[in-house]
Structure formats: structure tokens, C-alpha cells
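Input: a single structure, listed below in C-alpha cells.
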Protein chains: 2
Amino acid sequence: MIEMMDNGILRCDCSAVHEEVVTRVKKQMPKEENLYDLAELFKVFGDTTRVKILWALDNAEMCVCDISVLLNMTKSAVSHQLRVLKQARLVKYRKDGKNVYYSLDDNHIASIFELGMAHINE
Amino acid sequence: MIEMMDNGILRCDCSAVHEEVVTRVKKQMPKEENLYDLAELFKVFGDTTRVKILWALDNAEMCVCDISVLLNMTKSAVSHQLRVLKQARLVKYRKDGKNVYYSLDDNHIASIFELGMAHINE
DNA sequence: AACATAGTTGAATGATTGTTCAACTGTTTC
DNA sequence: GAAACAGTTGAACAATCATTCAACTATGTT
């Protein structure tokens with residue numbers, strides 16, 4: 001039997017065509033929480049500005065002003081996005097005088113981007 | 001000198017602090033178009049439902065009804081998301097009678113998800 | 001032919017989100 | 001101390017998006 005969800009109400013408007021497949025796959029699925037976190041991570045990658053920032057920081061440590069000039073955006077817009085990247089533990093920063101220097105905080109990023117590019121150029 | 005953008009108007013409200021870094025990084029950046037496509041791809045990954053569908057299809061070929069039961073969602077909602085995945089060339093399908101069977105159309109997906117999980121569990 | 005089921009589709013809606021704007025903090029320099 | 005600059009922040013706005021709903025197509029069954 002198909003396992004019921006939390007509330008016991010089946011939202012789906014059909015009966016399983018291949019019950020054995022569904023139950024088997026259900027067992028092999030990661031925890032709901034992990035899948036949610038995974039989607040949240042990709043959501044961070046799912047914005048042109050953030051992708052550009054990450055790609056840039058993969059090449060060099062940069063301050064907010066540098067990134068602003070590079071991407072031709074306001075410091076504010078860049079700062080907002082850096083905050084998102086910071087919260088996702090993708091970038092780290094160090095302060096030096098008036099400047100705040102950002103750099104990558106994860107060595108998986110380049111690999112993930114490579115794989116993404118591989119899919120696009122196919 | 002920092003290269004001007006298309007319209008010649010600098011949106012950024014500051015002068016580059018490290019001009020040489022900016023120009024060097026700018027040279028090493030991929031084409032605007034490729035970075036856009038990359039972000040678009042990750043945008044597809046950036047939704048819990050789609051992540052679940054892809055993870056499920058990595059384990060077995062399934063029809064819409066199966067996925068609906070597995071995720072406890074309406075066929076309509078699942079079908080909408082399958083369309084997005086189809087457009088991104090991430091899933092393919094075959095028709096058989098009343099059923100439409102979906103399966104993965106890219107062997108990078110599992111690797112990308114693995115790397116994403118690696119970042120989360122750190 | 002009529003009916004049930006699998007799946008798709010378009011419009012509508014509520015929620016999320018990226019950028020802008022203005023105001024702010026903090027550091028350096030004159 | 002005041003001006004200048006780097007960076008942050010919160011509210012507001014426009015745009016995007018995931019799900020729902022209702023109507024539809026198409027295939028199989030009786």
C-alpha cells in the first residue's frame with residue numbers, strides 16, 4: 001500500500017499505476033529536509049548576478065566596489081547578493097580598512113559549474 | 001581603463017578600487033550568454049518538487065501518475081514541472097497507451113546533486 | 001458509443017525575489 | 001571635526017513563478 005502523507009489526505013487525483021515502483025523509489029529517496037536544502041542551494045546558483053559573482057571570485061578575491069564595476073551594478077545590489085551567498089556559506093569575507101574583500105568559501109562550486117556548463121554545451 | 005558597458009552609462013556608484021584585478025577577471029569571464037544559460041539551468045534545479053522528480057527518475061522510469069502518488073501532488077502540478085524539466089533537456093519521455101513514461105535525459109544530474117549534497121553536509 | 005482514466009494546458013492567484021532608492025554605519029583623510 | 005568613500009540595510013516595487021482549478025485531448029474498456 002502507498003504510504004500516506006503527514007495529514008493522511010492524498011492530494012494526488014489518481015491511483016498509482018505501478019505501486020511497486022513507487023514504494024521502492026520512495027524508500028531510496030533522501031530525507032525531505034535534505035532535498036529541500038539541495039533545492040535551496042541551487043536556488044542560490046539560479047541567478048545570473050550570483051553566478052557572475054561566484055565565477056569572478058573563483059578567479060580573484062575582490063571587494064564590493066570591484067564587483068560593482070565588473071558587473072556594472074550598484075554596490076547596493078551587489079551587497080544584497082553577497083549577503084545571500086554568505087548565508088549559503090558560499091563566500092567568506094575579510095575587512096581591511098574601508099574595504100570588505102570577498103572570496104569563495106567552497107571548493108565544490110567550480111566543479112558544479114563545470115558540470116552545468118557540460119550540460120549546456122551538449 | 002574599465003571597459004564601458006553597452007549603453008556607455010556606468011550604473012555602479014564607485015570607481016574600481018583594484019582596476020587591474022577587475023580587468024583581468026573580466027577577461028577570464030565566460031560569455032554573458034553562457035553565464036545566463038548556467039543560471040537558467042540551476043534555476044530549474046532550484047525547486048523542491050523538481051529536485052524530487054529528478055531524484056526519483058534517477059532511480060526508475062516513472063509515469064506521471066506514479067510521480068503524483070510518490071510526491072502526493074496533483075497530476076497537473078507534476079505535469080507542469082515535467083514540462084519545465086523537458087524544456088531544459090533534463091528528462092525525456094515515451095508514450096505507451098494511456099501512460100507517458102518519463103526518465104532522465106542527462107547523466108550529469110546525479111553528479112551535480114552529489115556535489116550539492118557534499119556542500120550541504122559540511 | 002459511452003465512460004473512465006492518464007495526461008496536458010491556459011488562466012488566475014498568492015508567494016517569492018532581484019533591484020532600486022534612501023538612509024544609515026564605519027573608516028580614512030584633510 | 002568634517003568631508004569623502006566603502007559598504008550595509010530595510011522598505012517598496014515590478015517581475016517571476018509554483019500550484020490550483022477547470023476544461024480539454026487521447027487512449028483503453030465495457
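These figures come from a predicted structure and were not determined experimentally. In what follows, chains are A, B, ... by sequence order, proteins preceding strands, each numbered from 1.
Considering CG of A/Leu70 and CZ of B/Arg24, their distance stands at 11.5 Å, rounded to 0.5 Å. Atom CG of A/Leu90 is separated from atom CG of A/Leu57 by 10.5 Å, given to the nearest 0.5 angstrom.
Residue contacts shown for A/Tyr93 are absent, as no nucleic acid heavy atom lies under 4.0 Å away. The residue A/Val78 sits apart from the nucleic acid: no heavy atom pair falls under 4.0 Å. A/Tyr101 comes within contact range of no nucleotide atom at all, as no heavy-atom separation falls under 4.0 Å.
Taking 4.5 Å as the limit, some side-chain heavy atom of B/Thr48 sits within range of a side-chain heavy atom of B/Lys52. Taking the side chain as every heavy atom from C-beta outward, B/Leu38 and A/Met117 approach each other to under 4.5 Å.
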Listing time: all N or O pairs from protein to nucleotides 17-19 of chain D that are below 3.5 Å?
from   : atom 1 : to      : atom 2 : distance (Å)
D/dA18 : OP1    : B/Arg50 : NH1    : 3.0
D/dA18 : OP1    : B/Arg50 : NH2    : 2.6
D/dA18 : OP2    : B/Arg50 : NH1    : 3.4
D/dT19 : OP1    : B/Thr49 : OG1    : 2.6
D/dT19 : OP2    : B/Gln81 : NE2    : 2.5

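Mapped onto DNA chain C by nearest heavy atom, A/Val17 and B/Ser76 fall at different nucleotides, with A/Val17 at the one closer to the 5' end.
First and last contacting nucleotides of DNA chain C toward chain B (any atom under 4.0 angstrom from a heavy atom, 5' to 3' order): C/dT5 to C/dT20.
Proximity of the aromatic rings of A/Tyr101 and B/His18 is defined here by a centroid distance below 6.0 angstrom, and this criterion is met.
At whole-Å resolution of the value, NZ in A/Lys98 and C1' in D/dA3 are 11 Å apart. One can place CG of B/Asn99 at 12 Å from P of D/dT27, the figure rounded to the nearest angstrom.
Taking each heavy atom of B/Val69 and A/Lys26 in turn, the nearest pair found is O-NZ, 4.4 Å.
In the hydrophobic cluster analysis, where Ile, Leu, Val, Met, Phe, Trp and Tyr join through side-chain heavy atoms closer than 4.5 angstrom, B/Val17 is grouped apart from A/Tyr93.
No more than 12 heavy atoms of other residues, nucleotides or ligands sit less than 6.0 Å from atom CD of B/Glu33.
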